[in-house]
Protein chains: 2
Amino acid sequence: MKETTLKQIAETLGISITTVSKALKNYSDVSPKTKQAVLDLAHSLQYTPNSFAVNLRTKESKTIGLIIPEVVHHFFSSVINGIIAEAEQHGYLVIILQSNESLELEKKQVALLLNKRVDGIIISLSNESNHDAHLKEILQREIPFVQFDKISKLIPSSKVLINDQKAAFEAVEHLILKGCKKIAHIRGPVNPQNAIDRFIGYKKALEQYNIPFDSRLVYTCKNVTFEEGKMFAKEMVSQHPDVDGVFVITDLVAVGVLAYFNEVQIQVPQQIKVIGFSNWFMSQVITPKLSTVDQPSYEMGVTAFNLLLQEIQSKKDSQSFEPQVIELNTKIIERESTL
Amino acid sequence: MKETTLKQIAETLGISITTVSKALKNYSDVSPKTKQAVLDLAHSLQYTPNSFAVNLRTKESKTIGLIIPEVVHHFFSSVINGIIAEAEQHGYLVIILQSNESLELEKKQVALLLNKRVDGIIISLSNESNHDAHLKEILQREIPFVQFDKISKLIPSSKVLINDQKAAFEAVEHLILKGCKKIAHIRGPVNPQNAIDRFIGYKKALEQYNIPFDSRLVYTCKNVTFEEGKMFAKEMVSQHPDVDGVFVITDLVAVGVLAYFNEVQIQVPQQIKVIGFSNWFMSQVITPKLSTVDQPSYEMGVTAFNLLLQEIQSKKDSQSFEPQVIELNTKIIERESTL
DNA sequence: GGTAAAATCGAAAACGTTTTCGATGAAAAA
DNA sequence: TTTTTCATCGAAAACGTTTTCGATTTTACC
């Protein structure tokens, strides 16, 4: 009960391995007769090429690697969805690894993927990532490489992004236009570029509308969790009871903020308005429904894969490839929490 | 700028490829001197074995395949988390595919994984799955194979499960003990074994407590969505306004039920008590907080991988392997919706 | 019939590794 | 010195495919 090989087909048909291989790949220098015979026998023996051998010979595995901080996360799982769907369409499979927001793991996983000789790598950096030697290694080995969402500006690879500054600006502007005068910000960790950019967007919006920036109104998440949202909400209302609006790094944390406000009976949006980021599914099912910034996660995955595919193709054709940076559009979703 | 190979190391050191290979794998018939020389040079040239060649030679890829109905799903993404974490621990990578609840896709993806020659396959069946020829194919090719959660009873592979009947029984019993007299059930689609089992558990609990079963109180989801939850809730209260408890196939749908009750100001738990299934994260952040059945999803992933690994190992050692069925424990989480 | 062109085929190398088994030389025992 | 043992090494096959390039056969043409 062994696997069928070209050799077996060749021997039973009394022809050479070469011809069998060519017949299966529809080469023009095989007569219709032999071609048919090979096809028939291959089919009846359920021949499938040994992909290990194909990989070795062609030096590609039709497999790409994906490293993300967390799988159990609405945004990232949506991106995964986009990537594996698009990859499958184009005949690629996806190996997924999770850095758990740890730089150490991320490094190890990049090494793993390089050793596996995947055809390309897509990554969203962990919050801890402030080194990029491992990313440079990818470039240096000339492995097609795309970053998305949480990226390193210093690495000249293709990127798929949203304009975090602009999106954050719009979110804070939304609060201002709804009448907020004193707006706090619960920001993400210090390293990630998108946390930085959203913070900048927050400041710019305040500036634009002549609201003084007060660094005491900025709270910095470490782990970006529901619990941190509750904690900072509590801290915030005790320190600055007159805050009337808060812009939160992401919906998960914002939901924590709402949970605390619910507990202590602070009225949202009457007393404080809240806006989140990323449009997690849960934001539309909680009370009050959370206003947020919609981020095209699925599309982000699709775009990231297609960029990678372009680079893989040009590498195969030994063409040069210019890294591209694609910015996708966000939009404000107004719900009850800022009504 | 080519990849380093054994051949290169051998030539620069003036020894044979064989010896280089043995040195790197710490064979005993290589002198300490040569061993060290090889190790040093390999390190300075950043040698990593070509995994394509290793795969071909050893007939294994240290890669497993995972097929699940949906990635963007709290339960499944938690299982993924468990599987890839445990797999990485043991030196395996995981290719993830998504059947989108489609039998057709599922079949195709099994074929994809078989062609890729993964070392093993873990699967949770799609709702549409009522055929199992593709699963039999896996067994017939003697690929290590584990099913979890949504399984086919007819396929004698290893399985990781919860006792859906028992868990559902306990959930409904919980409603009864809280005083519910007329309990509806929003069930899952007709095919999946776990939807069937939860339905049976529901009936058994009613029977045990002498509550007559009424098939009109059973609503059958097609897509298991938030929207279906809202829809069936509406249908239910209009047809049977005296229902005072409802057991829902999964939290996502239950959250839809709560959303409708919220809209039309039906008091939960005063008028109707609601219990879900699976303990999705969002269940603890909505109002009222949803009671549910906790299902050890991460642990399920870990267990599934370890079962697969056992089978992979015994196959390598040409030992026989008896498929195992492991049942993990669930527990009722009491929250506001059944208080 | 002879030659040129076209159609069809296959030998062999290559991809890079692992492993078996025999060869060689040196050290130990006789 | 001869024989035996042990340590160290390498030739070569194997894994299964793809592809180049030359060889052979068939067909077409004069």
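Values reported hereafter were calculated over all heavy atoms of this structure, with side chains retained and with hydrogens, waters and symmetry mates removed. Quick note on labels: first sequence line is chain A, next is B, and so on, each numbered from 1.
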Does any residue of residues 40-54 of chain A have a heavy atom under 4.0 Å from DNA chain C, and if so, which ones, in number order? none
Using OP1 and OP2 only, check whether a side-chain N or O of B:Tyr27 sits under 4.0 Å from D:dC9. no
Quick one: salt bridge (Lys or Arg N to Asp or Glu O under 4.0 Å) partners of B:Glu88, sequence neighbours excluded? A:Lys108
Whole angstroms only, please: what is the CG-P distance between B:Asn26 and D:dT8? 13 Å
Quick one: side chain to side chain donor-acceptor pair (under 3.5 Å) pairs with a partner in residues 46-56 of chain A, sequence neighbours left out? none
So the ring pair (Phe, Tyr, Trp, His ring centres under 6.0 Å) pairs with at least one residue in residues 93-133 of chain B (sequence neighbours excluded) are none
Would you mind writing out the side-chain donor-acceptor pairs for residues 132-139 of chain A within the sub-3.5 Å range, not counting sequence neighbours?
| residue | atom | partner | partner atom | Å |
| --- | --- | --- | --- | --- |
| A:His134 | NE2 | A:Glu106 | OE2 | 2.7 |
| A:Glu137 | OE2 | A:Arg141 | NE | 3.0 |
| A:Glu137 | OE2 | A:Arg141 | NH2 | 3.4 |

Atom CG of A:Asn55 and atom P of C:dT17 are separated, to the nearest Å, by 15 Å
Thinking salt bridges, do A:Arg117 and B:Glu3 make one under a 4.0 Å N-O criterion? yes
Hey, could you give me each pair passing salt bridge (charged side-chain N to carboxylate O under 4.0 Å, His left out) that has a residue in residues 315-326 of chain A? Not counting sequence neighbours. A:Glu60-A:Lys316
Side-chain donor/acceptor pairs under 3.5 Å, residues 62-71 of chain A, sequence neighbours excluded:
| residue | atom | partner | partner atom | Å |
| --- | --- | --- | --- | --- |
| A:Thr63 | OG1 | A:Ser61 | O | 2.9 |
| A:Thr63 | OG1 | B:Lys116 | NZ | 3.0 |

Dump every N/O contact between nucleotides 4-7 of chain C and the protein below 3.5 Å, one line per pair.
none

Does anything in residues 7-25 of chain A reach DNA chain D, meaning a heavy atom under 4.0 Å, and if so which residues? A:Ile17, A:Thr18, A:Ser21, A:Lys22, A:Lys25
OP1 or OP2 of C:dG16 sitting under 4.0 Å from any side-chain N/O of A:Lys59? yes
Salt-bridged, B:Lys150 to B:Glu101, with N to O below 4.0 Å? yes
Pairs touching residues 95-119 of chain B that satisfy ring pair (Phe, Tyr, Trp, His ring centres under 6.0 Å), sequence neighbours left out: none
Show the atom names and distances, to 0.1 Å, of all donor-acceptor pairs under 3.5 Å that link a side chain in residues 18-27 of chain A to residues at least two apart or in another chain.
| residue | atom | partner | partner atom | Å |
| --- | --- | --- | --- | --- |
| A:Thr19 | OG1 | A:Ser16 | OG | 3.1 |
| A:Lys22 | NZ | A:Asp29 | OD2 | 3.0 |
| A:Asn26 | OD1 | A:Lys35 | NZ | 3.1 |

Assign each of A:Thr58 and B:Val30 to its nearest nucleotide of DNA chain D by heavy atoms, then name whichever residue's nucleotide is nearer the 5' end. B:Val30
Nearest-Å distance for atom pair CD/C1', residues A:Glu60 and C:dC15: 13 Å
Nearest to the side chain of B:Thr5, which nucleotide is it out of C:dG16, D:dC9, C:dC9? C:dG16
Residues in ring pair (Phe, Tyr, Trp, His ring centres under 6.0 Å) with A:His90, at least two apart? A:Phe305
Integer-rounded Å distance: D:dG16 P and B:Asn115 CG: 16 Å
